[in-house]
Every structure is written in C-alpha cells, then in structure tokens.
K.L.:
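I am attaching a structure below and will ask some questions about it afterwards.
Residue numbers begin at 1 in each chain, while the letters A, B, ... track the order of the sequences. The figures here come from the full heavy-atom set of this structure, side chains too, leaving out hydrogens, waters and symmetry mates.
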Amino acid sequence: MDTPAHLITAPILDWYAANARDLPWRTADATPWGVLVSEIMLQQTPVKRVLPVWHEWLRRWPTPAALAAEPSGEAVRAWGRLGYPRRALRLHAAAQAIVERHGGEVPDVHAELLALPGIGAYTAAAVASFAYRQRHAVLDTNVRRVLARMRTGVEYPPKAQTRAEVALAEALLPVDPPTAARWSVAVMELGALVCTARSPRCVDCPVLDRCAWQAAGRPAYDGPPRVGQTYAGTDRQCRGRLLAVLRDAPAPVEKGALDIVWADPVQRERALDGLIADGLVDPLDDGRYALPV
DNA sequence: TAATCGTGGGT
DNA sequence: TACCCAAGATT
C-alpha cells in the first residue's frame, strides 16, 4: 500500500521552504511574463545558463508588447547560446499572440496558454501554477524522476510520458490551489537538487524513508538503453555554426561568411535551407543573409 | 510515434 | 576523457 499522499507532500513542502534556491522568476515581484520567459528558456537548458539571458531579456522587454514590437531576429540574437533557437522565435510569436488575443496580458487559463506557440502541456501547467497559483499536475523531467523512484520504485521514468504518470501526479496534488502550486515547484526543486538523475543525494532527501526505490535497494535502471544524443558532425551542429555567424554580425553577411564555418557543402546547404524554412534565417534579394525581420 | 532541434557543464 | 543530460515542443 502506498504511503498516504500527505505523508509525502508535507515533508517535501517543508524541505522546499528551507532549501529553495533564490531564483528571480520566483520572487514576489516576478510577473507572469517573467515566469513564462523563464519556462521557455529552461526547456532542456540548465538554470545557470538561463540566468544572465533572462535578466537581459526582462530588462529589455519587460512586457509581451515590448518584445512583440521588435523584429523576431532580435529575439534570436538576444537568445545567445542558449540552444534550440526556435524557442526564441516561438517566444516572439507567443508575445505577438498575447498582444493580439489577450490584450498584452499573459493568459491565466490553461487552454489559452496551451494554444500559444512553443507552449506544450508542461509549460502551460507550469505558468498557470507558478504565475497564477493554480492547481495543475506539473510533470517535467524532474518530477517524473522523483515519482518514478518514490512511488514506482524504479530509477528512471519511461522515455515517453504515460497516463499512469499523470495519474500518479494528480493523486499527490494537494486540493487547495495555492498549496498545489507550492507543491509543484517543491517537488520539481527536489528533483533538481536532491533526486538528481546521476548520483542522487539520498542522504539529504526528506522522504527517504518513504521512497519505493530506496526500499527496493535502489536497483539500477533495467530497460531499453536510453538514446544518447550524438552531436559532432550533425546537422544540428552545422545549424548552430551558421546561426552563430548571423548572431554575431551587426549587419547582413555574404554567403562566403557562412561557407567558411562548415566544410561539407552538401550538409551546409541542407542546414541553411532548414534554418530558412524554420524562419531563423532570412535570405535577402541581394544574395546576403540576415536574421529575420 | 519517433525523430529532430543547440549548447555547455558535471561526473 | 567521453559520455550523460538539462524546467520540452513540434511534426
């Protein structure tokens, strides 16, 4: 029989109160827009690398309207080296949609958040919870790992999210919305700081004596091999090189400036075509290339 | 559904 | 050193 929910949630809420990091998007004066920007930037990207870029974005574009008024290429440029630059493009598009559809205010309705570009199930739930103190199951990679260990007794969750995981998350979600919102950020923080993917700090865990994985003797992951991401020599690396040229250039560049950063012409052209198709690069009539307007 | 999409730091 | 993987979304 599972440990009752409150015997799990209460210690983790207490742990969070004592151990939460001071992050700028969690302060009392953080705006929903600041929360939304942080959530997009944090997708697949560590907090440490997000912090300086987030500060610069919020200083420069304190509202969705401010960003929406800029060329999308400026968002791509200010994205810097956070990676997955389509996120910058989608965040710019989301800002425009927020201005057009929601009067410039980040919506507080889950379905309306979900309808914005670049916002999926996780991010919609996260913004509704963290910016508006609502009650939603917030399932990110941290929470999925914590629940897999604590409740299912396995080291890692399945590759693709299952309905069973959603049911698990909803079963633990406190009834009171503000408490549920605090729980969501608390269990995520536990996954980020203690119940980490590798070398978990179980000695610091507030629910170690209620952990199914611990009770089972912390068995090693037993399942299909988890796919590693190769990078060197891939189209992704090539796209990154090409886009870096445009980010670092103050003006449109000649084709030659792109050619010199990647030797294989076939792969280079394919990658450039992909960037253009994605709207990350704008081919000008004079043969030069620029970030999009 | 599975592949694709950047980058840098921890172990 | 080579991996591993980090607050996912989209097609």
K.L.:
Atom CG in L67(A), atom CH2 in W33(A): separation rounded to 0.5 Å?
P.N.:
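L67(A) atom CG to W33(A) atom CH2 measures 5.0 Å (nearest 0.5 Å).
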
K.L.:
Say we look at dA7(C) and dA3(B): how far apart would their P atoms be, to the nearest angstrom?
P.N.:
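It works out to 23 Å between them.
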
K.L.:
How long is the line joining CG of D278(A) and P of dT4(B), in whole Å?
P.N.:
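One finds 14 Å between P of dT4(B) and CG of D278(A), rounded.
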
K.L.:
Let's see if you get this right: which residues in residues 236-260 of chain A place a heavy atom under 4.0 Å from DNA chain C?
P.N.:
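Contacting residues: none.
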
K.L.:
Can you check the R145(A) CZ to dC4(C) P distance for me, whole Å?
P.N.:
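Answer to the nearest Å: 16 Å.
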
K.L.:
Evaluate side chain to side chain contact (heavy atoms under 4.5 Å, CB included) for L113(A) paired with L36(A), printing each intermediate quantity in order.
P.N.:
CA-CA 10 Å; L113(A) 287 163; L36(A) 172 54; 5.5 Å; no

K.L.:
Send over the distance from L193(A) CG to dA6(C) P, rounded to a whole Å.
P.N.:
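To the nearest whole Å, that distance equals 13 Å.
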
K.L.:
Other than V154(A), what residues sit in its cluster of Ile, Leu, Val, Met, Phe, Trp and Tyr side chains whose heavy atoms are under 4.5 Å apart, directly or through others?
P.N.:
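So far as hydrophobic clustering goes, V154(A) is joined with none.
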
K.L.:
Between Y122(A) and E39(A), do the side chains contain an N or O donor and an N or O acceptor separated by less than 3.5 Å?
P.N.:
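There is such a pair between these side chains.
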
K.L.:
Going by number, which of residues 79-96 of chain A have a non-hydrogen atom under 4.0 Å from DNA chain C?
P.N.:
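Hits under 4.0 Å, by residue number: R90(A).
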
K.L.:
Run the side chain to side chain contact (heavy atoms under 4.5 Å, CB included) check on R144(A) and Y156(A) step by step: do they pass?
P.N.:
CA-CA 8 Å; R144(A) 293 183 62 215; Y156(A) 297 119; over 6 Å; no

K.L.:
At 4.0 Å (heavy atoms only), tell me whether R21(A) reaches a base, stays on the sugar-phosphate, or touches nothing.
P.N.:
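Base, at least one base heavy atom under 4.0 Å.
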
K.L.:
For residues 112-143 of chain A, which residues have at least one heavy atom under 4.0 Å from DNA chain C?
P.N.:
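Listed by number, they are P117(A), G118(A), I119(A), G120(A), A121(A), Y122(A), T123(A), D140(A), T141(A), N142(A).
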
K.L.:
May I have the step-by-step check of side chain to side chain contact (heavy atoms under 4.5 Å, CB included) for W15(A) and L193(A), ending in yes or no?
P.N.:
CA-CA 11 Å; W15(A) 172 88; L193(A) 298 183; 4.1 Å; yes

K.L.:
Report the distance from atom NZ of K159(A) to atom C1' of dA2(B), rounded to the nearest whole Å.
P.N.:
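Atom NZ in K159(A) sits about 10 Å away from atom C1' in dA2(B).
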
K.L.:
Write down the distance between CZ (R144(A)) and P (dA7(C)), rounded to a whole number of angstrom.
P.N.:
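It is 12 Å, rounded to the nearest whole Å.
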
K.L.:
Hey, could you give me the CE/OG1 distance between M150(A) and T3(A), rounded to the nearest 0.5 Å?
P.N.:
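Between M150(A) CE and T3(A) OG1, I get 8.5 Å after rounding to 0.5 Å.
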
K.L.:
Suppose the criterion is salt bridge (Lys or Arg N to Asp or Glu O under 4.0 Å): which pairs have a residue in residues 19-28 of chain A, not counting sequence neighbours?
P.N.:
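The answer is R21(A)-E189(A), R26(A)-E189(A).
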
K.L.:
Between Y231(A) and dT7(B), does any side-chain N or O lie under 4.0 Å from OP1 or OP2?
P.N.:
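So the side-chain polar atoms of Y231(A) do come within 4.0 Å of the phosphate oxygens OP1 or OP2 of dT7(B), strictly under.
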
K.L.:
Looking only at heavy atoms, what is the nearest atom pair of A5(A) and A171(A), with distance?
P.N.:
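It is CB-O, 3.9 Å.
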
K.L.:
Does a side-chain heavy-atom distance below 4.5 Å link L116(A) with T123(A)?
P.N.:
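Not in contact.
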
K.L.:
Quick one: name the residues clustered hydrophobically with V293(A), using the 4.5 Å side-chain heavy-atom rule over I, L, V, M, F, W, Y, and just say none if it's on its own.
P.N.:
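Members alongside V293(A): none; it stands by itself.
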
K.L.:
Under 4.5 Å between side-chain heavy atoms, chaining through other members, with only Ile, Leu, Val, Met, Phe, Trp and Tyr counted: pull out the rest of the cluster around I276(A), sorted by chain and number.
P.N.:
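Joined to I276(A), directly or through intermediates: V76(A), L89(A), L242(A), L243(A), V245(A), L246(A), V253(A), L258(A), I260(A), V261(A), L272(A), L275(A), L280(A), V281(A), Y289(A), L291(A).
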
K.L.:
What verdict does the side chain to side chain contact (heavy atoms under 4.5 Å, CB included) test give for W57(A) and V53(A), after you've listed the backbone C-alpha separation in whole Å, the side-chain angles of each residue and the deciding distance to 0.1 Å?
P.N.:
CA-CA 6 Å; W57(A) 268 58; V53(A) 183; 3.7 Å; yes

K.L.:
Of all the heavy-atom pairs spanning C238(A) and Q267(A), show the shortest one and how long it is.
P.N.:
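Shortest heavy-atom separation between C238(A) and Q267(A) comes out as SG-O, 4.1 Å.
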
K.L.:
List for me each residue that meets salt bridge (Lys or Arg N to Asp or Glu O under 4.0 Å) alongside K255(A), sequence neighbours excluded, and say none if there are none.
P.N.:
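In terms of salt bridge (Lys or Arg N to Asp or Glu O under 4.0 Å), with neighbours along the sequence ignored, K255(A) is linked to D259(A), E269(A).
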
K.L.:
If you check the P46(A) side chain, which of dC5(B), dA6(C), dG6(B) turns out closest?
P.N.:
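Closest nucleotide to the P46(A) side chain: dA6(C).
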
K.L.:
Going by number, which of residues 30-43 of chain A have a non-hydrogen atom under 4.0 Å from DNA chain C?
P.N.:
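E39(A), L42(A), Q43(A), in order of number.
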
K.L.:
Work out how far the C1' atom of dG8(C) is from that of dT1(B), and round it to whole angstrom.
P.N.:
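Here dG8(C) and dT1(B) have their C1' atoms 16 Å from each other.
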
K.L.:
Working to the nearest 0.5 Å, report the span between CD1 of I40(A) and NE2 of H92(A).
P.N.:
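If we round to the nearest 0.5 Å, I40(A):CD1 and H92(A):NE2 are 14.0 Å apart.
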
K.L.:
Show me the protein contacts with nucleotides 9-11 of chain B, counting only N or O atoms at under 3.5 Å.
P.N.:
unit_1: dG10(B); atom_1: N2; unit_2: R198(A); atom_2: NH2; d: 3.4

K.L.:
CG of D248(A): more than 12 outside heavy atoms within 6.0 angstrom?
P.N.:
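Atom CG in D248(A) is crowded, with more than 12 foreign heavy atoms closer than 6.0 Å.
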
K.L.:
When Y84(A) is tested against each of R236(A), Q44(A), Q43(A) for side chain to side chain donor-acceptor pair (under 3.5 Å), which residue passes?
P.N.:
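Going through R236(A), Q44(A), Q43(A) one by one, the side chain to side chain donor-acceptor pair (under 3.5 Å) with Y84(A) is satisfied by R236(A) alone.
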
K.L.:
In the hydrophobic clustering that connects Ile, Leu, Val, Met, Phe, Trp and Tyr at side-chain heavy-atom distances below 4.5 Å, which members other than V203(A) occupy its cluster, ordered by chain and number?
P.N.:
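Once heavy-atom contacts under 4.5 Å are chained together, V203(A) still belongs with nothing else.
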
K.L.:
Below 4.0 angstrom, which residues in residues 50-64 of chain A have at least one non-hydrogen atom near DNA chain C?
P.N.:
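Hits under 4.0 Å, by residue number: none.
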
K.L.:
For dG6(B) versus dT11(C), give the span between their P atoms, rounded off to a whole number of Å.
P.N.:
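Looking at atom P only, dG6(B) and dT11(C) are 14 Å apart.
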
